Amino acid sequence: MRYFISVSSNFITGQSKITASIFECLASKTDWQDRRVRPGWSGLKSMLSISLKIFLGCILNHEQKIYLVNSRSGMGFLRDCMVLFSRRFNVKIIAHSHGSDILELLFERKYSALARFMYTGVTIITPSHRIAKKLRIYGFDAHTVENFFEWTEDLTVEVTSSRATQILWNSNRMASKGLPELLSALDKLSDLGYEFSFICLGSFVGDDELSTEQLLRVVARFTARDWFCDVGPVTPNEAEEYVQSSDIVVLPSRYPTECQPISVISAMCYGKSIIIKDTEALRETVGDYPASLASNDILKALIFEIDNLDKNGVLRQDAAKRARERFNKELFLTKLDYILNAKI
């Protein structure tokens, strides 16, 4: 028996897109059973039911395999423990960790000793070479499988013409992703006489920096600006269309668990100008792609990218071709299939 276990989400995230696509591919080839659990306390009952079926299979000596999209929170880890414990009975478990907080879980929390015990013998997949290397140093069976992006059009690079520069926010709206600072920089950019439109996608999500209500009040100060286009949540296909029609994609994120955001990958694959926060995770994501790394001065990065849109078009086009090879879905599935079918 094979189980595909993940937590259902109320928000469209890069992780949820990747997870849905993985199951679609697995289900078409094998007998994987989809088991979605709700976040929080309500998911404990569902996970308990799944765990009982797994342990019954152990008693009956059935061969079992589990693909687990592991949770990031303390509550989520408690829920995952019900399944992780079955590794003690030689059930093969592949845990896919989409965020960088797997290191925090295993080494920096009060219950990290328990987490290390539970993950002993578990195959861990991460999008990051940096994270996988650290995990292997401590004896974990860690593999790197970078995320993928499915593009639908021939490779083209938008260049500025008579229309205003289009700047895109293609992520959930969170303070820790740098949205308040970006809005302030855009306001100054407008004062300097630059003509542009700012397309803002995504849902409002509270975090440790600002609650949803606080962030709503911050953003509300800018929504009346003539350059602000408040779109909100969209489907993945709609988001891709916005990426294609944009000139610059911005994600100055300091979000603690940011690892390999699809918003940046999609911009790379379409040869767009990119501005990101200068962090380990985002530097690893862009690799040799010509992106602007903004430490604190987002305004300076915006001015540079706008002034050099036409000049750097060919350079971005070449980099986009490499990005499409790197984030190819077939490559992703080949690596994943190898890990899923490896012997314990």
Side-chain angles (χ1 to χ4, degrees), residues 14 127-130 144 146-171 177-178 181-182 185-186 188-189 192-199 201 227 239-253 258-332:
S128 168
H129 291 281
R130 172 179 55 88
T144 302
E146 292 195 296
N147 289 331
F148 66 86
F149 176 72
E150 295 183 270
W151 52 90
T152 57
E153 300 291 340
D154 291 335
L155 180 62
T156 56
V157 176
E158 296 286 343
V159 295
T160 54
S161 57
S162 58
R163 69 172 175 81
T165 303
Q166 294 191 17
I167 302 171
L168 178 67
W169 176 274
N170 182 22
S171 185
K177 286 182 178 284
E181 293 86 349
L182 174 59
L186 290 171
K188 295 175 183 177
L189 186 68
L192 291 174
Y194 282 85
E195 294 185 4
F196 63 91
S197 60
F198 175 61
I199 299 95
L201 310 183
W227 47 261
E240 184 179 359
E241 291 176 4
Y242 279 109
V243 173
Q244 287 177 284
S245 62
S246 68
D247 297 299
I248 304 171
V249 176
V250 188
L251 187 70
S253 177
E258 199 79 81
C259 193
Q260 201 175 66
I262 300 300
S263 60
V264 173
I265 293 174
S266 62
M268 293 169 64
C269 289
Y270 279 116
K272 302 302 175 179
S273 292
I274 298 173
I275 299 173
I276 55 172
K277 186 78 171 177
D278 189 2
T279 66
E280 273 191 312
L282 293 179
R283 283 200 307 272
E284 183 182 12
T285 298
V286 297
D288 64 356
Y289 191 93
S292 284
L293 306 179
S295 296
N296 295 311
D297 197 343
I298 300 175
L299 177 60
K300 183 178 179 180
L302 286 165
I303 292 173
F304 174 83
E305 290 297 338
I306 292 174
D307 289 346
N308 291 278
L309 272 176
D310 296 344
K311 179 180 178 181
N312 293 334
V314 175
L315 182 64
R316 291 196 308 274
Q317 188 173 30
D318 291 339
K321 293 176 181 177
R322 295 193 299 272
R324 289 188 171 202
E325 294 175 357
R326 176 183 170 192
F327 299 112
N328 182 278
K329 184 177 182 179
E330 291 305 315
L331 177 62
F332 174 93

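As the structure is a prediction and not an experimental result, all values here were calculated from the model. For the numbers below, each heavy atom of this structure counts, side chains included, while hydrogens, waters and symmetry mates do not.
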Q: With side chain to side chain contact (heavy atoms under 4.5 Å, CB included) as the test, would you mind laying out the steps for V314 and D318 before giving the verdict?
A: CA-CA 6 Å; V314 175; D318 291 339; 4.2 Å; yes
Q: Take T279 and E258, measure what side-chain hydrogen bond (donor to acceptor under 3.5 Å, both in side chains) needs, and give me the verdict at the end.
A: CA-CA 9 Å; T279 66; E258 199 79 81; over 6 Å; no
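Across all their heavy atoms, W169 and P252 have their closest contact at CZ3-CD, 3.9 Å. Taking every heavy atom of both residues into account, V243 and K272 meet most closely at O-CE, 3.0 Å. Contact record, A301 with A294: CB-CB, 4.2 Å, taken as the closest heavy-atom pair. Between L251 and S263, the closest heavy-atom pair is CD2-OG, 3.5 Å. Nearest heavy atom pair, residue S128 against residue T144, reads O-OG1, 3.4 Å. When all heavy atoms of F198 and L168 are compared, the pair lying nearest together is CE1-C, 4.4 Å.
For the salt bridge (charged side-chain N to carboxylate O under 4.0 Å, His left out) test, no residue two or more places apart in sequence or in another chain qualifies with E305. Not a single ring pair (Phe, Tyr, Trp, His ring centres under 6.0 Å) links F327 to another residue, sequence neighbours left out. With sequence neighbours left out, R326 forms a salt bridge (charged side-chain N to carboxylate O under 4.0 Å, His left out) with E146.
Put simply, the side chain of S266 does not reach to within 4.5 Å of the side chain of E240, judged on heavy atoms. Side-chain contact between Y194 and D307: present, with at least one pair of heavy atoms (C-beta onward) separated by less than 4.5 Å. Side-chain contact between V249 and V264: absent, with no pair of heavy atoms (C-beta onward) separated by less than 4.5 Å.
Using bins of under 30°, 30° to 60° and over 60° for the plane-to-plane angle, the ring pair F149/Y270 lands in the perpendicular bin.
One N or O on the side chain of R316 and one on the backbone of L309 form a donor-acceptor pair closer than 3.5 Å. Of the possible donor and acceptor atoms, none in the side chain of S253 sits under 3.5 Å from a partner among the backbone N and O of I276.
The only option from V250, I167, I275 that meets the side chain to side chain contact (heavy atoms under 4.5 Å, CB included) definition with L182 turns out to be V250.
Within 6.0 Å of atom CZ in F332, more than 12 heavy atoms from other residues, nucleotides or ligands are found, so the atom counts as buried in its surroundings.
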